[in-house]
Amino acid sequence: MPSSLLLVRRALPLLALLLLAAVAPTAATSYVAVSDENLVRQASVIAEVRVDSVEAAPAKNGPNTDYQVEIERLIKGYTAGSSIVVRVLGGPRPDGLGLKIWGAPVFNEGDRALLFLKERADGSYGVLHLML
C-alpha cells in the first residue's frame, strides 16, 4: 500500500472529529400545545382588543414592550377600565439595548387581536403561553 494512501487512512478519523467539533450545536424551541379549554380556564381575562400605542416598558421592568390596548369586547373576566397595558417580554429598553424573544407576539398600532391574559401584580397584563 502506498505511504500516501496509508497517511490518508490514518488522518481520516482525525479529520472527521475536527469536522464534528467545528459544527455548532443545533438549538430549537419546542412547546406542548395547550387545549382551548385549558387556555380559557387559565386566563383571567379574554378580550378582543385594538392596539392604541406601543412603547418600551419602564427600565425597572427589564426589556419589555408595553402595548396600550382598548378592549373592544370583553369575553371573560373583568378589568378596571376599557383600556389596559399588555406587557410582553422582549423589545428595546429606554437606553436602546433590547432583547429579542423568538415567538413572542409583536403588535403594531391599529392591530386587532384576541388575547388570553393573566393580570400581573403591577396592574399590567401578560399574554398566556407566550408563543401561542
Side-chain angles (χ1 to χ4, degrees):
M1 181 177 291
S3 63
S4 61
L5 187 56
L6 185 60
L7 183 61
V8 169
R9 279 191 148 169
R10 287 185 180 167
L12 197 54
L14 180 60
L15 289 173
L17 284 175
L18 287 173
L19 180 62
L20 286 174
V23 175
T26 303
T29 301
S30 61
Y31 69 93
V32 176
V34 178
S35 71
D36 292 343
E37 293 82 14
N38 281 334
L39 194 58
V40 168
R41 194 174 310 119
Q42 293 170 14
S44 57
V45 171
I46 302 172
E48 287 181 19
V49 303
R50 184 187 71 249
V51 179
D52 287 337
S53 67
V54 180
E55 60 186 39
K60 66 180 180 178
N61 295 312
N64 293 301
T65 302
D66 282 352
Y67 298 95
Q68 185 74 37
V69 301
E70 183 71 27
I71 296 174
E72 293 184 336
R73 184 173 133 210
L74 191 60
I75 298 167
K76 176 186 175 186
Y78 169 82
T79 61
S82 62
S83 182
I84 61 172
V85 173
V86 176
R87 184 164 290 148
V88 177
L89 182 62
R93 293 188 322 200
D95 65 4
L97 294 176
L99 175 65
K100 172 68 176 167
I101 303 294
W102 297 103
V106 176
F107 305 106
N108 296 303
E109 288 183 23
D111 284 354
R112 295 182 67 234
L114 173 64
L115 298 180
F116 294 76
L117 303 168
K118 195 73 154 174
E119 189 169 9
R120 295 182 170 165
D122 66 1
S124 68
Y125 290 82
V127 177
L128 278 179
H129 301 283
L130 192 63
M131 295 169 52
L132 300 176

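What you see below is based on every heavy atom in this structure, not just the backbone, and it leaves out hydrogens, waters and symmetry mates.
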Any side-chain heavy-atom pair from D66 and P58 closer than 4.5 angstrom? yes
OG1 of T79 to CD1 of I84, rounded to nearest 0.5 Å, is 6.0 Å
Heavy-atom pair with the smallest gap, counting every atom of A43 and K76: O-NZ, 2.7 Å
If you compare all heavy atoms of G91 against all heavy atoms of P63, which two are closest, and at what distance to 0.1 Å? O-CB, 3.7 Å
Transitive ILVMFWY side-chain link I75 to Y78, under 4.5 Å: no
So, for I101 and G90, which heavy atoms are closest and what is the spacing to 0.1 Å? CG1-CA, 4.0 Å
Minimum heavy-atom distance R87-D122, with the two atoms named: NH1-OD2, 2.5 Å
V88 to P105 - nearest heavy-atom pair and separation: CG1-O, 3.7 Å
Among T65, V69, V49, L115, which one satisfies side chain to side chain contact (heavy atoms under 4.5 Å, CB included) with F107? L115
Of the non-hydrogen atoms in A56 and P92, which two are nearest, and what is the gap between them? CB-O, 3.1 Å
Crowded around R112 CZ? As in, over 12 foreign heavy atoms under 6.0 Å? no
Would you confirm whether S44, through its side chain, and E119, through its main-chain N or O, come within 3.5 Å as a donor-acceptor pair? yes
Rounded to the nearest 0.5 Å, how far does CZ of R73 lie from CZ of R50? 15.5 Å
Are V85 and I46 co-members of a hydrophobic cluster defined by side-chain heavy atoms under 4.5 Å apart? no
So, S82 and E70: side-chain donor and acceptor under 3.5 Å apart, yes or no? yes
Stepwise side chain to side chain contact (heavy atoms under 4.5 Å, CB included) test for L117 and L128: CA-CA 5 Å; L117 303 168; L128 278 179; over 6 Å; no
Counting only N and O atoms by type, is there a donor-acceptor contact under 3.5 Å from the side chain of D111 to the main-chain atoms of N108? yes
